[in-house]
Asks: 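Structure below; questions to follow.
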There are 2 protein chains.
Amino acid sequence: MKLDTVTKTETLDLQKMIISKIRDLINIKNLEPGDKLPSERMLSEKFEVTRSNVREAIQKLEFYGLLKSIPQSGTFVANIGVTAMNGMIEDILRLEEPDFKSLVETRILLELKTARLAALRRTEQDLLKMKEALDAYTEKVLNGEDAVQEDLLFHLAIAKACGNSTMNTFMLIITPEIITNFEKYHVCDENQAQKGIQEHTEIYEAIKTQNPQLAKQKMKEHFKMLYQYCYNI
Amino acid sequence: MKLDTVTKTETLDLQKMIISKIRDLINIKNLEPGDKLPSERMLSEKFEVTRSNVREAIQKLEFYGLLKSIPQSGTFVANIGVTAMNGMIEDILRLEEPDFKSLVETRILLELKTARLAALRRTEQDLLKMKEALDAYTEKVLNGEDAVQEDLLFHLAIAKACGNSTMNTFMLIITPEIITNFEKYHVCDENQAQKGIQEHTEIYEAIKTQNPQLAKQKMKEHFKMLYQYCYNI
DNA sequence: CATACAAATCTGGTTAACCAATTACAGAAT
DNA sequence: ATTCTGTAATTGGTTAACCAGATTTGTATG
């Protein structure tokens with residue numbers, strides 16, 4: 001287990017090393033948007049790493065929109081200038097693992113917005129999905145069973161109904177980590193689950209009646225205890 | 001170009017097919033959190049695709065925290081129940097490419113918050129970085145040059161200063177696409193750049209004097225035209 | 001000298017062989 | 001019967017060979 005962590009850290013450091021060397025190369029060669037980088041093979045030789053390592057680093061920079069690989073042709077600097085490139089790579093290199101507080105803070109921000117937008121934009125089909133998730137949640141809680149998953153699915157149904165695919169994606173990204181931490185720290189207890197039924201229902205009704213302010217307000221109340229918990233760690 | 005798009009779509013469809021088959025398998029076999037999936041080789045044979053295809057699908061599900069691969073051991077269902085797993089996979093399969101409006105809407109949401117948080121939490125070093133970015137931006141604009149990159153770097157400096165790594169990551173993710181679209185649609189013109197200097201300075205001062213409400217307010221004003229533009233497409 | 005064209009080279013992507021660590025299991029020792 | 005142990009099979013990860021298409025280069029032709 002310890003070993004696993006070590007090797008993982010090592011490969012991460014290696015990738016960061018390669019990314020920073022690619023950045024240096026772009027600066028030294030004064031490459032501009034659209035210019036071609038040396039081939040993966042050349043880079044791997046120059047940096048004395050395997051081609052796989054180079055590919056992974058390139059793919060990461062591609063994920064952040066800084067490079068663009070074209071099959072059978074080459075890897076190119078994206079349509080972003082050198083200045084922005086340098087700034088963003090610096091940020092990417094220094095990015096740290098998200099802590100629980102960051103996750104919760106971001107979740108609350110996103111969900112107050114998705115609730116509001118869902119009230120404005122939800123379709124009848126969205127409403128149906130939300131109702132299903134709400135019923136599943138209610139049933140579980142009334143049976144005294146753990147309902148963390150159903151809770152989450154209700155919130156994801158709202159994210160889906162908000163009509164903003166970016167926010168929907170972000171909710172999907174943070175959700176698993178939220179669940180894991182919830183279970184680790186036992187955030188929710190029994191009374192809260194009972195209380196959650198009413199709160200969920202109120203949120204659902206606000207979205208159904210297309211009342212954005214009320215939806216946001218009810219979501220805020222729903223997050224009240226979570227908010228306090230988050231700031232008392 | 002057309003061909004490229006077609007093949008990319010095909011591989012995406014293939015991946016979605018594999019992901020849904022993995023989901024079906026988990027349901028049929030009643031796999032629970034911690035249970036082991038069949039090996040990659042077996043899956044590739046069962047689904048009649050290459051092992052690489054299976055690996056990519058698994059890695060995507062790993063990115064969303066639904067699976068966990070352990071070297072020389074196997075791939076395991078993450079600590080999330082079947083219900084949540086099914087719901088999330090359905091969402092992942094239906095995720096669509098983000099449109100410009102979604103991006104801008106999300107950016108505004110994030111930046112109103114990062115400005116506020118930065119005013120509360122910025123360190124002296126954060127302040128220094130922001131000042132550098134602000135000066136670089138000002139100089140470019142006064143020289144009549146394009147300053148989209150410097151503009152962006154100032155905003156990223158705020159995101160960094162907000163002390164929330166999740167929001168910082170999200171800002172980095174949407175930034176390149178925002179830039180690309182800005183340049184495509186020519187969102188910013190000359191006067192706006194001039195006006196931008198004052199607005200940036202006001203945001204900076206609000207964060208410097210640790211006035212969260214003012215910081216948010218100034219950021220809101222800064223996004224005023226962007227907001228209108230976004231809703232007039 | 002310019003241009004057309006074909007062969008050779010170079011490209012990112014893919015595949016199959018390989019690796020080291022883990023796991024499963026048979027059989028021996030207690 | 002139980003525990004230990006050594007071997008063989010299995011695992012995800014890695015590497016090197018291979019692929020098809022793009023690009024360059026060299027040559028012949030007008």
Side-chain angles (χ1 to χ4, degrees), chain A residues 1-15 17-19 21-22 25-26 29 31 34-78, chain B residues 1-19 21-22 25-26 29 31 33-78:
Chain A
M1 196 56 184
K2 184 71 178 298
L3 189 71
D4 186 2
T5 312
V6 170
T7 55
K8 198 157 196 175
T9 308
E10 277 173 5
T11 58
L12 259 178
D13 286 346
L14 181 65
Q15 186 176 97
M17 185 266 280
I18 296 173
I19 288 178
K21 285 195 176 182
I22 290 177
L25 195 74
I26 291 175
K29 289 200 168 188
L31 297 185
D35 286 351
K36 187 157 88 171
L37 257 65
S39 71
E40 295 176 350
R41 297 178 205 344
M42 285 188 61
L43 290 178
S44 70
E45 198 177 342
K46 193 182 183 75
F47 299 158
E48 291 179 330
V49 294
T50 67
R51 197 182 147 204
S52 316
N53 295 139
V54 173
R55 277 181 67 79
E56 281 168 27
I58 288 177
Q59 275 164 15
K60 180 149 193 176
L61 293 176
E62 218 176 338
F63 173 77
Y64 284 104
L66 300 180
L67 296 180
K68 175 72 185 164
S69 280
I70 296 178
Q72 287 89 35
S73 179
T75 302
F76 300 84
V77 177
Chain B
M1 192 60 183
K2 183 72 178 298
L3 190 70
D4 187 2
T5 311
V6 169
T7 56
K8 199 155 196 176
T9 307
E10 277 175 4
T11 58
L12 259 179
D13 286 348
L14 181 66
Q15 187 177 93
K16 291 194 173 187
M17 185 266 280
I18 297 173
I19 288 178
K21 284 195 175 180
I22 290 177
L25 195 74
I26 291 175
K29 289 199 169 189
L31 297 186
D35 286 351
K36 187 158 87 172
L37 256 66
S39 70
E40 295 175 350
R41 293 171 233 273
M42 285 187 61
L43 290 179
S44 70
E45 196 176 343
K46 195 181 183 75
F47 300 158
E48 291 177 329
V49 295
T50 67
R51 198 183 143 202
S52 317
N53 296 137
V54 173
R55 277 181 68 77
E56 281 168 26
I58 288 177
Q59 275 164 14
K60 181 149 193 178
L61 293 177
E62 219 176 338
F63 173 78
Y64 284 104
L66 300 180
L67 296 179
K68 174 73 185 165
S69 280
I70 296 179
Q72 285 86 39
S73 179
T75 303
F76 300 83
V77 177

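All figures in this text were calculated on a predicted structure; none of them were measured in a lab. Numbers restart at 1 for each chain; the letters A, B, ... are given by sequence-line order, proteins then strands.
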Asks: Grab the CE-P distance between Met42(A) and dT11(C) for me, whole Å please.
Replies: 7 Å
Asks: Any side-chain N or O of Ser52(B) under 4.0 Å from OP1/OP2 of dG13(C)?
Replies: no
Asks: Step by step, work out the side-chain hydrogen bond (donor to acceptor under 3.5 Å, both in side chains) result for Thr75(B) and Ser69(B).
Replies: CA-CA 4 Å; Thr75(B) 303; Ser69(B) 280; 3.2 Å; yes
Asks: Mind calculating the distance between CD (Gln15(A)) and P (dT14(D)) to the nearest angstrom?
Replies: 12 Å
Asks: Taking for each residue the nucleotide of DNA chain C with the nearest heavy atom, is it Phe76(B) or Glu40(A) whose nucleotide lies nearer the 5' end?
Replies: Glu40(A)
Asks: Whole angstroms only, please: what is the CD-P distance between Gln72(B) and dT22(C)?
Replies: 7 Å
Asks: Please figure out whether Arg41(B) or Asn53(B) has its closest DNA chain C nucleotide nearer the 5' end.
Replies: Asn53(B)
Asks: Would you say Arg55(A) places a side-chain N or O within less than 4.0 Å of OP1 or OP2 belonging to dG13(C)?
Replies: yes
Asks: Rounded to whole Å, how long is the line connecting atom CZ of Arg51(A) with atom P of dT15(C)?
Replies: 14 Å
Asks: For Gly65(B) and Ala78(B), work out which heavy atoms get closest and say how close.
Replies: O-CB, 3.2 Å
Asks: Between Leu37(B) (CG) and dG12(D) (C1'), how many Å, whole number?
Replies: 13 Å
Asks: Excluding sequence neighbours, so at least two apart, what forms side chain to side chain donor-acceptor pair (under 3.5 Å) with Ser52(A)?
Replies: none
Asks: Give a yes or no on this: more than 12 heavy atoms of other residues, nucleotides or ligands lie within 6.0 Å of atom CD of Gln59(B).
Replies: yes
Asks: Which whole-number value in Å describes the distance from Gln59(A) CD to dG13(C) P?
Replies: 7 Å
Asks: Considering non-hydrogen atoms only, spot the tightest contact between Val54(A) and Ile18(A) and give its length.
Replies: N-CD1, 4.2 Å
Asks: Does a nitrogen or oxygen in the side chain of Thr50(A) sit under 4.0 Å from OP1 or OP2 of dT14(D)?
Replies: no
Asks: Find the distance Glu56(B):CD to dT15(C):C1' and express it as a whole number of Å.
Replies: 12 Å
Asks: At under 4.0 Å, does any side-chain N or O of Ser73(B) touch on OP1 or OP2 of dG12(D)?
Replies: no
Asks: Could you walk me through whether Leu37(A) and Ile26(A) satisfy the side chain to side chain contact (heavy atoms under 4.5 Å, CB included) test, starting with their C-alpha distance in whole Å, then the side-chain angles of each, then the deciding distance to 0.1 Å, before giving a yes or no?
Replies: CA-CA 8 Å; Leu37(A) 257 65; Ile26(A) 291 175; 4.3 Å; yes
Asks: What is the distance from NZ of Lys36(B) to C1' of dT10(D), rounded to the nearest Å?
Replies: 8 Å
Asks: Which angle, to the nearest 10 degrees, lies between the helix axes at the two ends of the helix from dC1(C)-dG30(D) to dT30(C)-dA1(D), each defined by five pairs?
Replies: 20°
Asks: Test of understanding: with side chain to side chain donor-acceptor pair (under 3.5 Å), list the residues that count as partners of Glu40(A), not counting sequence neighbours.
Replies: Arg51(A), Arg55(A)
Asks: Under 4.0 Å between a side-chain N/O of Ser69(A) and OP1 or OP2 of dG12(C), yes or no?
Replies: no
